[in-house]
Engineer: 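This is the structure I have questions about; it appears just below.
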Amino acid sequence: MNIGVLGAGQLGRMLALAGYPLGNRFTFLDTTGKPSAGIGDVIIDPDNQHLAEFLANVDVVTYEFEHLPVTLVREIEKHKPVYPSSRAIEVCQNRVEEKALFDRLNIPTPAYRVVESAEQLEAAARELGCPVVAKSVTEGYDGKGQAVLKTPSQAREAWASINHTQLIVEAFVDFAREVSMIAVRGRDGEVKFYPMAENQHVDGILRYSVAPLPDLDAAVQQTADNYIRALLDELDYVGVLALELFQTRDGSLLANEMAPRVHNSGHWTMNGAVTSQFENHLRAVQGLPLGDTSAIAPTCMVNVIGREPQSAEVLRIENAHLHRYDKSERAGRKLAHINLVASSHAELLNRVQACAALLPDAPAPAFHFVP
């Protein structure tokens with residue numbers, strides 16, 4: 001089957017690498033003018049002049065980036081099946097819509113307010129109690145379009161720096177750890193869940209993801225499964241969905257945001273699960289049976305940000321798997337990731353520490369499950 005992918009970055013690259021063994025071919029539609037997939041056929045179309053060419057070459061369409069014009073996705077839906085649907089994009093690229101969906105499905109979130117001026121932002125900060133996090137309602141990812149207010153008096157500065165007409169303001173959560181769920185839903189409604197991962201972010205950018213978690217109560221995993229299943233069913237979703245959450249100190253979960261695509265916190269599945277998130281996404285959009293989502297061993301995904309290490313040094317670490325994106329170095333840019341696999345979490349931690357020592361500017365790993 002010929003798969004059309006909206007976007008042409010590293011996620012599309014990894015989708016293609018997972019799809020070639022399934023006999024798939026890939027055509028990417030890049031609307032940014034800066035494709036980096038380096039694989040398959042790429043149509044560069046920032047002005048929407050080549051959509052007919054793209055449609056003529058594909059059987060089904062998916063995407064690796066949700067910040068797309070909804071009108072473009074709806075136009076494509078008139079001609080080809082698109083999974084996930086434009087409804088999923090519409091919700092996920094608008095934080096107000098997303099929070100409203102969480103509320104409707106009784107998925108708890110941090111307390112929040114929607115504001116449309118610096119004055120309203122200051123009032124929300126006073127009402128919620130600082131610190132608060134202000135985020136643009138649309139766009140913004142990997143820490144972009146956000147500001148932390150430590151006092152209400154910072155509202156004008158934050159409003160100007162984010163520079164959007166509408167913001168969502170969230171109460172700061174005193175969480176024990178950040179976690180995420182990756183699940184996949186097929187065309188027939190079948191759902192499979194990956195084990196929950198613990199994530200460590202620095203400056204809003206993911207640095208480490210570990211799964212499965214040795215200290216995770218089965219009831220917490222079941223709660224997360226129920227939350228993400230509710231989202232999948234409500235959206236009649238097909239493909240991989242990611243849900244990022246905070247786990248509070250009493251063990252409860254608060255939803256942060258979701259992403260309608262394969263996700264950075266699911267990259268560990270490439271070497272640590274029976275079936276990767278990328279293969280399962282492709283199985284889902286083609287109507288194929290979903291693969292086993294079980295973890296095969298304790299695994300940590302380490303993001304390579306800004307500058308790359310020497311490949312030989314990384315690969316000297318036992319059971320290290322390097323996935324480079326063929327990108328030029330730039331501060332804050334995701335260049336690669338490394339999956340480390342071990343027979344125990346203690347052994348895994350040692351390998352993560354050894355790997356982190358090889359990465360320029362990498363933070364020290366700090367996981368909740370480590371005493």
Engineer: Taking side chain to side chain donor-acceptor pair (under 3.5 Å) as the test, write out the residues that go with Asn199, two or more places apart.
Structural biologist: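 For Asn199 the side chain to side chain donor-acceptor pair (under 3.5 Å) partners, ignoring immediate neighbours, are Ser180, Ser209.
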Engineer: Can you find a side-chain donor-acceptor pair between Asp45 and Gln49 that sits under 3.5 Å?
Structural biologist: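 No, because no side-chain N or O of Asp45 sits under 3.5 Å from a partner of the opposite role on Gln49.
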Engineer: Under 4.0 Å between a Lys/Arg side-chain N and an Asp/Glu carboxylate O for Arg351 and Glu347?
Structural biologist: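 Between Glu347 and Arg351 there is a salt bridge, with a charged N closer than 4.0 Å to a carboxylate O.
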Engineer: Taking the side chain as every heavy atom from C-beta outward, state whether Tyr227 and Leu253 have any pair of such atoms under 4.5 Å apart.
Structural biologist: yes
Engineer: Taking transitive links into account, so neighbours of neighbours count too, which hydrophobic residues share a cluster with Phe172 at under 4.5 Å side-chain distance?
Structural biologist: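 Its cluster mates, by chain and number, are Val133, Val148.
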Engineer: Could you tell me whether a side-chain N or O of Ser265 sits under 3.5 Å from a main-chain N or O of His263, the two making a donor and an acceptor?
Structural biologist: no
Engineer: Is any side-chain N of the basic residue among Arg87 and Glu77 closer than 4.0 Å to the acidic one's carboxylate O?
Structural biologist: no
Engineer: For Asn24, which of Asp59, Ile3, Asn2 qualifies under side-chain contact (heavy atoms from CB on, under 4.5 Å)?
Structural biologist: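 Filter result, single survivor: Ile3.
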Engineer: With a 6.0 Å cut-off (strictly less than), is the heavy-atom count around NZ of Lys150, excluding the residue itself, greater than 12?
Structural biologist: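 For Lys150, atom NZ is not crowded (no more than 12 foreign heavy atoms under 6.0 Å).
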Engineer: Keeping to residues at least two apart or across chains, list the ring-ring contact (aromatic ring centres under 6.0 Å, His included) pairs with something in residues 337-363.
Structural biologist: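 Non-adjacent pairs meeting ring-ring contact (aromatic ring centres under 6.0 Å, His included): His267-His337, His323-His337, Tyr325-His337, His345-Phe369.
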Engineer: Please determine if Arg307 and Glu329 form a salt bridge, counting it only when a charged side-chain N lies under 4.0 Å from a carboxylate O.
Structural biologist: no
Engineer: Per the side-chain contact (heavy atoms from CB on, under 4.5 Å) rule, which among Val179, Leu232, Ile228, Asn256 passes with Leu243?
Structural biologist: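 For Leu243, the side-chain contact (heavy atoms from CB on, under 4.5 Å) check succeeds only for Ile228.
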Engineer: Are the charged groups of Lys192 and Asp225 less than 4.0 angstrom apart, N to O?
Structural biologist: no
Engineer: I want to check something: taking the side chain as every heavy atom from C-beta on, are Arg25 and Asn57 in contact at a cut-off of under 4.5 Å?
Structural biologist: no
Engineer: In terms of side-chain heavy atoms, does Glu66 have a donor or acceptor partner in Gln93 at a distance below 3.5 Å?
Structural biologist: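 The criterion, which ignores hydrogens and geometry beyond distance, is not satisfied for Gln93 and Glu66.
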Engineer: Listing request: all ring-ring contact (aromatic ring centres under 6.0 Å, His included) pairs with a residue in residues 21-53, at least two apart in sequence or in separate chains.
Structural biologist: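 Listed by first then second residue: Tyr20-Phe26.
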Engineer: Can you name the side chain to side chain donor-acceptor pair (under 3.5 Å) partners of Asp233, sequence neighbours left out?
Structural biologist: Arg185
Engineer: Is the shortest distance from a Lys or Arg side-chain nitrogen in Lys99 or Glu170 to a carboxylate oxygen in the other one below 4.0 Å?
Structural biologist: yes
Engineer: Side chains of Trp268 and Pro195, heavy atoms from C-beta outward: is any pair under 4.5 Å?
Structural biologist: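 When only atoms from C-beta onward are counted, Pro195 and Trp268 do touch, with a gap below 4.5 Å.
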Engineer: Do Arg74 and Glu90 sit within salt-bridge range, that is, some charged N less than 4.0 Å from a carboxylate O?
Structural biologist: yes
Engineer: Hey, can you pull the donor-acceptor pairs under 3.5 Å for the side chains in residues 36-43, sequence neighbours left out?
Structural biologist:
none

